[in-house]
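Each remark here refers to the structure printed beneath this line.
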Amino acid sequence: MIALYPGSFDPVTLGHLDTAIRASRIFDTVIMAVFDRPNRKLLFSTEERVELLRAVASDYPGIKVTSYNLLTVTFAREVGAQVIVRGLRDPIDFELEFQMAQINQTLDPDIDMVVFMANRKFSFLSASIVREIAALDGDVSELVPAQVAQALKRKFKRAD
Ligand code: ADP
């Protein structure tokens with residue numbers, strides 16, 4: 001069974017990766033898909049977000065990486081995914097994900113959403129907090145994979 005894990009991944013964090021790895025133990029293939037045009041300001045381009053995800057996921061044969069710019073359920077159907085994976089950190093995520101699941105169910109009742117409770121080590125972690133810390137020259141090495149920490153340094157033009 002194929003599962004689609006969609007997100008902005010701006011950038012991918014250890015929390016996202018934890019969810020994808022756990023999903024890949026359950027599903028044959030997990031497709032991490034970068035949403036091309038989220039309704040928010042991006043730090044990394046789609047190409048950069050895909051490249052970082054590919055670098056980070058290369059150790060996991062069950063995880064594939066791509067980008068998309070369709071409705072998520074339309075893209076899920078296109079790649080043959082029966083399941084959409086999401087992560088839940090707190091009750092705020094729950095409200096958003098619950099609404100999204102209900103809408104997706106209305107749009108395509110054949111596709112189910114499977115939600116993974118965040119790993120307690122990463123339940124405080126969001127891509128936006130990572131961007132904020134990195135912009136202020138903070139240490140993000142416990143929050144993101146090494147390749148992402150390096151990319152953030154390059155983005156904010158600091159020497160190693
Ligand atoms: P973010 O909220 O960090 O900007 P995305 O919009 O890319 O991330 O979210 C993609 C999915 O990953 C969402 O379902 C979100 O709830 C989930 N997610 C984000 N951060 C974490 C985390 N630290 N642990 C588990 N799931 C997460």
Side-chain angles (χ1 to χ4, degrees), residues 2-27 29-57 60 62-76 79 81-105 107-108 111-136 138-149 151-152 155:
I2 300 171
L4 178 69
Y5 181 17
S8 310
F9 305 117
D10 186 35
V12 57
T13 69
L14 290 177
H16 295 131
L17 192 59
D18 180 82
T19 300
I21 293 167
R22 285 159 61 205
S24 75
R25 293 191 202 124
I26 295 173
F27 303 108
T29 304
V30 174
I31 302 175
M32 294 186 84
V34 171
F35 185 49
D36 199 10
R37 283 172 297 174
N39 195 9
R40 55 174 92 156
K41 203 171 167 291
L42 291 167
L43 177 62
F44 290 99
S45 70
T46 301
E47 293 68 32
E48 289 172 323
R49 287 177 288 145
V50 167
E51 200 181 305
L52 283 173
L53 267 178
R54 290 223 165 104
V56 163
Y60 304 94
I63 304 178
K64 311 268 179 257
V65 175
T66 189
S67 64
Y68 74 108
N69 55 16
L70 305 169
L71 261 182
T72 301
V73 284
T74 309
F75 186 63
V79 297
Q82 285 161 268
V83 162
I84 294 173
V85 163
R86 299 287 285 174
L88 265 199
R89 286 163 292 191
D90 56 26
I92 300 165
D93 270 356
F94 174 80
E95 284 188 18
L96 292 169
E97 299 298 346
F98 186 70
Q99 185 195 25
M100 197 64 78
Q102 307 275 288
I103 292 169
N104 285 342
Q105 210 177 68
L107 293 171
D108 192 335
I111 295 172
D112 253 305
M113 192 156 142
V114 173
V115 169
F116 285 77
M117 299 300 158
N119 184 321
R120 63 190 162 76
K121 287 191 287 186
F122 304 124
S123 59
F124 63 91
L125 179 55
S126 68
S128 60
I129 205 81
V130 165
R131 294 194 299 272
E132 229 174 285
I133 295 168
L136 296 170
D139 178 12
V140 292
S141 59
E142 308 255 307
L143 312 177
V144 294
Q147 299 96 321
V148 175
L152 283 162
K155 189 60 86 177

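These numbers come from the heavy atoms of this one structure, side chains and all, not from hydrogens, waters or symmetry mates. Just follow the structure's listing: the first ligand is 1, and inside any ligand the first atom is 1.
The two residues V144 and V130 come nearest to each other via the heavy atoms CG1-CG1, 3.7 Å. Closest of all the heavy-atom pairs between I111 and V73 is CD1-O, 3.6 Å. Contact detail for G15 and F122: the closest heavy-atom pair is CA-CB, 3.8 Å.
Residue S126 places no N or O, backbone or side chain, under 3.5 Å from any N or O of ligand 1. Residue R86 has at least one N or O atom closer than 3.5 Å to an N or O atom of ligand 1.
Close contacts of ligand 1 with T19, meaning ligand atoms under 4.0 Å from a residue heavy atom, involve 25 (C), 26 (N). Close contacts between ligand 1 and P6 involve ligand atoms 10 (C) [criterion: under 4.0 Å to a heavy atom]. Less than 4.0 angstrom separates some heavy atom of F9 from each of these atoms of ligand 1: 7 (O). Residue F122 approaches ligand 1 through these ligand atoms, each under 4.0 Å from one of its heavy atoms: 22 (C), 23 (N). Listed by number with element, the atoms of ligand 1 under 4.0 Å from a non-hydrogen atom of A118 are 24 (N), 25 (C). With ligand atoms numbered from 1 in the order given, ligand 1 contributes 22 (C), 23 (N), 24 (N), 25 (C) to contacts under 4.0 Å with heavy atoms of G15. Which parts of ligand 1 touch S8 is read off a 4.0 Å heavy-atom cut-off, strictly below it: atoms 5 (P), 6 (O), 7 (O). Counting the atoms of ligand 1 from 1 in the order shown, those under 4.0 Å from a heavy atom of A127 are 3 (O), 4 (O).
The shortest contact between atom 15 (C) of ligand 1 and any protein heavy atom is with G87 O, 3.7 Å. Looking only at protein heavy atoms, the nearest one to atom 4 (O) of ligand 1 is R40 NH1, 3.1 Å. Protein heavy atom closest to atom 20 (N) of ligand 1, with residue, atom name and distance, is R89 NH1, 3.1 Å. In this structure, atom 8 (O) of ligand 1 lies nearest to the protein heavy atom H16 NE2, 3.0 Å.
In this pair, F75 and Y68 present their aromatic rings parallel. The plane angle is below 30°, not in the 30 to 60° band.
The environment of CD in Q147 is crowded: more than 12 heavy-atom neighbours from other residues, nucleotides or ligands sit within 6.0 Å. Heavy atoms from other residues, nucleotides or ligands lying under 6.0 Å from CZ of F98 number 12 at most.
Not a single donor-acceptor pair under 3.5 Å links the side chain of E97 to the backbone N or O of F94. With hydrogens and angles disregarded, no donor-acceptor distance shorter than 3.5 Å links the side chain of R54 to the backbone of R49. Judged purely by atom type and a 3.5 angstrom limit, R89 has no side-chain atom pairing as donor or acceptor with the backbone of F124.
Both the backbone and the side chain of L125 come within 4.0 Å of ligand 1, counting heavy atoms alone.
The closest approach between any non-hydrogen atom of S123 and ligand 1 is not below 4.0 Å. Contact between Y5 and ligand 1 is present, with at least one heavy atom of the residue lying under 4.0 Å from the ligand.
Looking at T46 and D36, their side chains do bring a donor and an acceptor atom within 3.5 Å of each other. A donor-acceptor pair shorter than 3.5 Å can be found between the side chains of D139 and S141.
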